[in-house]
Amino acid sequence: MSHARLIQRVPKTSDNVHGITTVNDIPGDEVCVLYLGGNDTNSGSAASGYAKIIEQDILPDLSVHVPVYAAQYMIDTNNMAAEKESNFSKYGHNFLGSPRAYNSVLVTEQNFKTILKNDVLPRVVGRTGRPLGNNSAKEKLNKLSLVFDGDAKALRSKMTLELQATLAERGVSAADSKALVQIIINNSISAKDFDTQYIDELFDAAILPRISDSNARLPLTVAMARARKINIVAHCHGAYVAQKLEEKMQDKMRKLGYSPIETNQVLSQVLVVAHAPVIPLGVSKFRIISFTTARDFLARRPNNWVTKYVRYKQSKEKEIGTDWLQPCFLAGRDGDVFIIHNAFEPNKNVRPSSVEHYNMRYVAIEGQNNLGVFMNTIAGNILKNGIENSLKKKFTPLPPTSELVLGKKNRAGMRGLFEQMQKNGVKFMADVYNFAVKQRSKVRAKKPVLKTPELKR
């Protein structure tokens with residue numbers, strides 16, 4: 001069973017040389033920063049290291065000091081591939097819609113037929129509509145993990161019956177069909193089997209007090225004000241944690257009696273600054289504003305046309321250079337994400353993806369190029385402005401991103417740069433769309449229509 005704990009940065013003393021203390025929870029009406037770190041946050045010192053960044057880079061520029069907390073995870077976060085990949089599947093494939101090839105997909109009563117058609121059948125039936133060789137089908141199916149959300153037993157049974165019927169229709173022997181179906185059974189898991197205890201504990205300690213007192217709902221204005229007072233910073237796996245906390249927050253608010261509209265109003269006041277996030281973007285009710293670079297190869301990406309386009313362009317850079325990706329901001333359903341090509345200059349002694357992935361600073365650091373420093377500045381401005389907004393005596397809704405990016409100096413210049421990044425983002429998505437259209441047109445004529453027989457009930 002997994003667990004989590006919260007540490008708080010405090011002044012160092014002779015009795016506390018590391019300057020950290022463990023806390024049971026965060027007061028619901030306290031203005032604070034909560035850091036949800038990456039996969040390596042499995043010790044108090046690692047959690048403290050993340051919080052120290054806020055203490056050094058952000059707090060000195062604030063009007064008043066605010067508490068900084070960080071989460072420590074007692075779970076093997078490096079052994080969560082199925083959870084994270086099925087999470088992309090759960091929210092749809094992000095941006096433009098994805099070609100198949102997820103290794104783990106979430107199966108629900110609602111998306112059952114889509115998963116069968118797009119993820120299962122192409123692994124047993126070729127483009128001609130004929131069954132693949134048994135060994136080939138086994139190899140492809142063994143790379144697929146099905147995560148059943150809901151009545152796992154019933155969904156698994158339904159999947160195997162329909163797959164058997166499809167294979168029989170295409171002439172696959174009963175013995176071969178049974179062997180393939182067994183792979184599906186062996187490679188499936190119920191979403192209820194995932195160990196979410198550490199998420200539950202973080203929710204109870206940091207989020208629940210924002211929406212409830214003594215397990216009773218709060219007045220809407222109070223809940224919105226409390227939600228606005230917590231500012232979350234996330235790195236890599238931490239963004240996944242933030243998204244799971246949001247899901248639990250929605251579910252709990254429904255149980256407490258908040259309406260869907262009220263729930264969205266409260267959630268929209270939670271600011272999350274996410275570095276190298278490993279989640280579907282553009283689907284959150286939290287205000288998640290993300291930062292990533294194309295040369296970060298360590299972050300798990302959605303298997304969609306954006307990723308395919310970026311990888312294709314990167315494969316051609318010796319011929320076309322790197323100007324194909326201008327600094328851009330993708331808004332709304334496209335993710336509220338800032339993207340640049342690279343934040344660091346190449347160094348033969350350092351893996352490029354490593355330095356790109358692990359940069360969470362808000363000041364210039366060694367090896368960064370101008371765009372990297374610029375991204376640090378924008379992220380810092382957003383977090384500082386979010387905290388200052390939280391400190392207002394009277395509840396003031398979270399400003400739009402166009403205001404959050406502005407610093408204390410050269411505000412007009414920064415506003416102009418942000419507007420240009422928005423334009424670059426529109427062009428980038430148009431380029432992705434055109435790329436997807438061309439790629440799909442190449443295979444459309446070759447791709448057969450795979451019909452799934454309707455079983456008699």
Side-chain angles (χ1 to χ4, degrees), residues 2 4 6 25-26 28 32-38 69-71 73 75 77 80 83-84 86-92 94 106 108 149 191 194-212 217-218 220 223-291 300 302 332-337 382-383 386 390 397-398 401:
S2 66
L6 286 173
D25 53 44
I26 302 174
C32 67
V33 176
L34 170 61
Y35 211 121
L36 303 173
Y69 303 91
Y73 318 126
I75 187 174
T77 53
M80 299 177 66
E83 291 180 58
K84 290 181 180 177
S86 63
N87 192 49
F88 283 116
S89 172
K90 176 179 181 177
Y91 282 98
N94 213 10
L106 193 76
T108 66
D149 189 15
F194 291 145
D195 185 355
T196 62
Q197 179 66 27
Y198 78 113
I199 301 287
D200 297 339
E201 291 175 357
L202 286 174
F203 175 80
D204 289 343
I207 304 299
L208 182 59
R210 305 279 159 174
I211 56 174
S212 173
R217 63 159 287 172
L218 301 173
L220 176 61
M224 291 180 69
R226 288 191 181 184
R228 181 70 289 281
K229 290 180 179 181
I230 188 168
N231 298 276
I232 298 174
V233 181
H235 173 239
C236 189
H237 175 73
Y240 175 82
V241 175
Q243 192 167 69
K244 297 299 118 179
L245 290 175
E246 178 191 329
E247 291 176 359
K248 287 191 65 64
M249 189 172 176
Q250 292 184 68
D251 183 58
K252 184 63 175 180
M253 291 184 73
R254 176 182 59 80
K255 293 176 180 178
L256 288 170
Y258 291 90
S259 72
I261 293 177
E262 289 174 329
T263 299
N264 289 344
Q265 287 178 298
V266 174
L267 267 60
S268 69
Q269 297 307 311
V270 178
L271 173 65
V272 181
V273 176
H275 302 275
V278 290
I279 56 172
L281 301 175
V283 298
S284 180
K285 299 297 190 298
F286 282 174
R287 178 82 71 82
I288 299 182
I289 304 176
S290 302
F291 294 82
R300 187 180 297 276
R333 66 179 294 273
D334 292 332
D336 284 345
V337 55
I382 290 172
L383 183 55
S390 300
L398 189 62
T401 304

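For this chain, numbers begin at 1 and follow the sequence in order.
- Between the side chain of Tyr258 and the backbone N or O of Ile211 there is at least one donor-acceptor pair closer than 3.5 Å.
- Side chains of Thr401 and Asp336: no donor on one and acceptor on the other come within 3.5 Å.
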Give the intermediate values and the outcome of side-chain contact (heavy atoms from CB on, under 4.5 Å) for residues Phe194 and Met80. CA-CA 9 Å; Phe194 291 145; Met80 299 177 66; over 6 Å; no
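- Side-chain atoms of Arg217 never come within 3.5 Å of backbone atoms of Lys255 as a donor-acceptor pair (strictly under, hydrogens ignored).
- Rounding to the nearest 0.5 Å gives a distance of 8.5 Å between CG of Leu256 and CG of Leu218.
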For the pair Thr77 and Tyr240, evaluate side-chain contact (heavy atoms from CB on, under 4.5 Å) and give the outcome as yes or no after the intermediate values. CA-CA 11 Å; Thr77 53; Tyr240 175 82; over 6 Å; no
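- Taking CG from Leu245 and CZ from Phe286, the interatomic distance works out to 6.5 Å, rounded to the nearest 0.5 Å.
- A distance of 12.0 Å separates CD1 in Ile289 from CG in Leu281, rounded to the nearest 0.5 Å.
- Rounding to the nearest 0.5 Å places CG of Asn264 at 7.0 Å from CD of Gln250.
- Under the 4.0 Å criterion applied to side-chain N and carboxylate O atoms, Lys244 and Glu83 are not assigned as salt-bridge partners.
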Would you sort out whether Ile279 and Ile288 count as a side-chain contact (heavy atoms from CB on, under 4.5 Å), showing the intermediate values? CA-CA 11 Å; Ile279 56 172; Ile288 299 182; 4.1 Å; yes
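- Formation of a donor-acceptor pair under 3.5 Å by the Gln269 side chain with backbone atoms of Met224 is not found in this model.
- Considering Asn87, Val272, Ile199 in turn, Asn87 is the only one that fulfils the side chain to side chain contact (heavy atoms under 4.5 Å, CB included) rule with Gln243.
- Heavy atoms only, all atoms of each residue included: Tyr73 and Gly37 are closest at OH-O, 2.9 Å.
- For the pair Glu246 (side chain) and Lys285 (backbone), a donor-acceptor distance under 3.5 Å is present.
- Residue Pro277 comes nearest to Phe291 through the heavy atom pair CD-O, 3.9 Å, listed as atom of the first residue, atom of the second, then distance.
- Side chain of Asp149 to backbone of Ala191: no donor-acceptor contact under 3.5 angstrom is found.
- If you take CD1 on Ile230 and CD1 on Ile207, they are separated by 4.5 Å, rounding to the nearest 0.5 Å.
- Looking at Asp251 and Lys248, no side-chain N of the basic residue comes within less than 4.0 Å of a carboxylate O on the acidic one, giving no salt bridge.
- We find the CZ-OG distance between Arg254 and Ser259 to be 13.0 Å, quoted to the nearest 0.5 Å.
- No side-chain donor-acceptor contact under 3.5 Å links Asn231 to the backbone of Val233.
- Residues Asp25 and Leu6 approach most closely at CA-CD1, 4.5 Å, considering heavy atoms.
- Taking each heavy atom of Glu262 and Met253 in turn, the nearest pair found is O-CE, 4.4 Å.
- Summarising the geometry of Ser268 relative to Leu398, their closest heavy-atom pair is O-CD2, 4.1 Å, with the distance given to 0.1 Å.
- Scanning all heavy atoms of the two residues, the minimum distance from Asp334 to Val337 falls at O-CG1, 3.9 Å.
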List the steps and the verdict of side-chain contact (heavy atoms from CB on, under 4.5 Å) for Leu36 and His237. CA-CA 8 Å; Leu36 303 173; His237 175 73; over 6 Å; no
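- Here the side chain of Arg210 pairs no donor or acceptor atom with the backbone of Ala227 at under 3.5 angstrom.
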